[in-house]
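For reference, positions follow the sequence shown, starting with 1. In each ligand, atom 1 is the first atom listed, and ligand 1 is the first ligand listed.
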Amino acid sequence: MSLPEIDLSAVPAHVACVMDGNGRWAERRGLPRTAGHEAGLDALFDAVDGALEIGVQWLTVYAFSTENWSRPLEEVRFLLDFNRATLRARRDEMHERGVRLRFVGGRDRRLARSLLREMDAAAELTAANRRLTLTVAFNYGGRAEITEAVRRIVAAGTRPEEITEDTVGANLFSPDIPDPDLLIRTSGEYRLSNFLLWQSAYSEMVFLDVLWPDFSRRHLLKAVVEYQRRERRFGGLDQ
Ligand code: FPP
């Protein structure tokens with residue numbers, strides 16, 4: 001897959017990724033599952049390079065779901081520490097490339113204060129960057145996000161007849177992020193797994209039969225070419 005096959009005037013503004021298959025990638029090599037997450041991180045940064053190359057403006061990745069707490073304690077701990085260490089190690093490099101880092105998800109007590117501080121520091125450092133916004137969904141669940149939005153709307157005393165879809169959208173974790181145009185899931189699974197439930201109503205979905213650690217910018221380009229082949233009608237008819 002080469003760059004010329006991509007129509008650079010029709011690149012999806014927002015690409016979202018379910019980075020699935022790290023565990024299986026590791027198990028097939030006789031490695032601990034955590035080695036799969038380490039390799040998955042390299043794949044993520046390769047995808048970031050690809051996104052920068054073709055001009056994707058928003059990239060959102062599912063790094064830790066609300067369901068991931070039920071994994072073995074050792075793996076959960078690894079993912080939490082890994083995120084913190086990665087942020088410290090890579091945020092300057094992301095900043096130099098013009099990447100704005102964002103985090104969406106529940107900031108509950110299970111997350112160490114040091115991790116939250118690291119997330120806030122990275123977001124603050126990169127806040128003015130506009131080339132690409134990399135949003136990391138961490139302790140994220142789509143249903144939890146919508147539930148939280150409902151709580152906020154009720155707490156604000158909004159009358160039922162005043163509530164519109166825009167009201168719900170405005171109360172999500174990051175209301176200024178546009179809906180994903182393209183949603184990619186790797187590892188040959190065909191599920192959303194509670195990712196961006198509200199925002200993906202009209203996203204084009206591309207499922208790739210590659211385990212996330214083997215994902216690279218080449219797969220991103222492949223998914224974008226597939227996206228560009230599809231017609232997006234948003235529930236309407238062709239003009
Ligand atoms: C799903 O694969 C992947 C995860 C639960 C973690 C994804 C995290 C990364 C790629 C690291 C990125 C981290 C940061 C700091 C942004 P799986 O474990 O469910 O794989 P399996 O389905 O084969 O078991």
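- Atom 15 (C) of ligand 1 has as its closest protein heavy atom N83 OD1, 2.9 Å.
- Around CD of E67, the count of heavy atoms belonging to other residues, nucleotides or ligands within 6.0 Å exceeds 12.
- Between E148 and R152, at least one side-chain N (NZ, or NE/NH1/NH2) sits under 4.0 Å from a carboxylate O, which counts as a salt bridge.
- With sequence neighbours excluded, no residue forms a ring pair (Phe, Tyr, Trp, His ring centres under 6.0 Å) with H95.
- Of all the atoms in ligand 1, the ones that sit under 4.0 Å from a non-hydrogen atom of N68 are 5 (C).
- Only side-chain heavy atoms of L44 come within less than 4.0 Å of ligand 1; its backbone N, CA, C and O stay farther off.
- Aromatic ring orientation, W58 versus H14: tilted (interplanar angle from 30° to 60°).
- On a distance-only criterion, R24 and ligand 1 share at least one N/O pair closer than 3.5 Å.
- Using the six-membered ring where Trp is involved, W69 and F64 have ring planes that are perpendicular, over 60° apart on the 30 and 60° scheme.
- At least one N/O-N/O distance between R33 and ligand 1 falls below 3.5 Å.
- When only non-hydrogen protein atoms are considered, atom 3 (C) of ligand 1 lies nearest to M19 O, 3.1 Å.
- A continuous path of hydrophobic side-chain contacts links V136 to I184 [ILVMFWY only; heavy atoms under 4.5 Å].
- Checked against a 3.5 angstrom limit, the closest N/O atoms of G23 and ligand 1 fall inside it.
- Listed by atom number, the atoms of ligand 1 under 4.0 Å from A63 heavy atoms are 6 (C), 7 (C), 8 (C).
- Heavy-atom contacts of R71 reach the following atoms of ligand 1: 5 (C), 17 (P), 18 (O), 19 (O) (cutoff under 4.0 Å).
- Counting protein heavy atoms only, atom 4 (C) of ligand 1 is closest to H37 CE1, 3.8 Å.
- Residue S187 places no heavy atom under 4.0 Å from ligand 1.
- Shown in contact with L41 at under 4.0 Å from a heavy atom are these atoms of ligand 1, numbered in order with element: 12 (C), 13 (C), 14 (C).
- Residue V61 does not touch ligand 1, judged by heavy-atom distances below 4.0 Å.
- Under the 4.0 Å criterion applied to side-chain N and carboxylate O atoms, E74 and R77 are not assigned as salt-bridge partners.
- Judged by the 6.0 Å and 45° rule, R29 forms a cation-pi pair with W25.
- Looking from atom 7 (C) of ligand 1 to the surrounding protein, the closest heavy atom is N22 ND2, 3.5 Å.
- For Q228 and E5, the side-chain atoms include no donor-acceptor pair closer than 3.5 Å.
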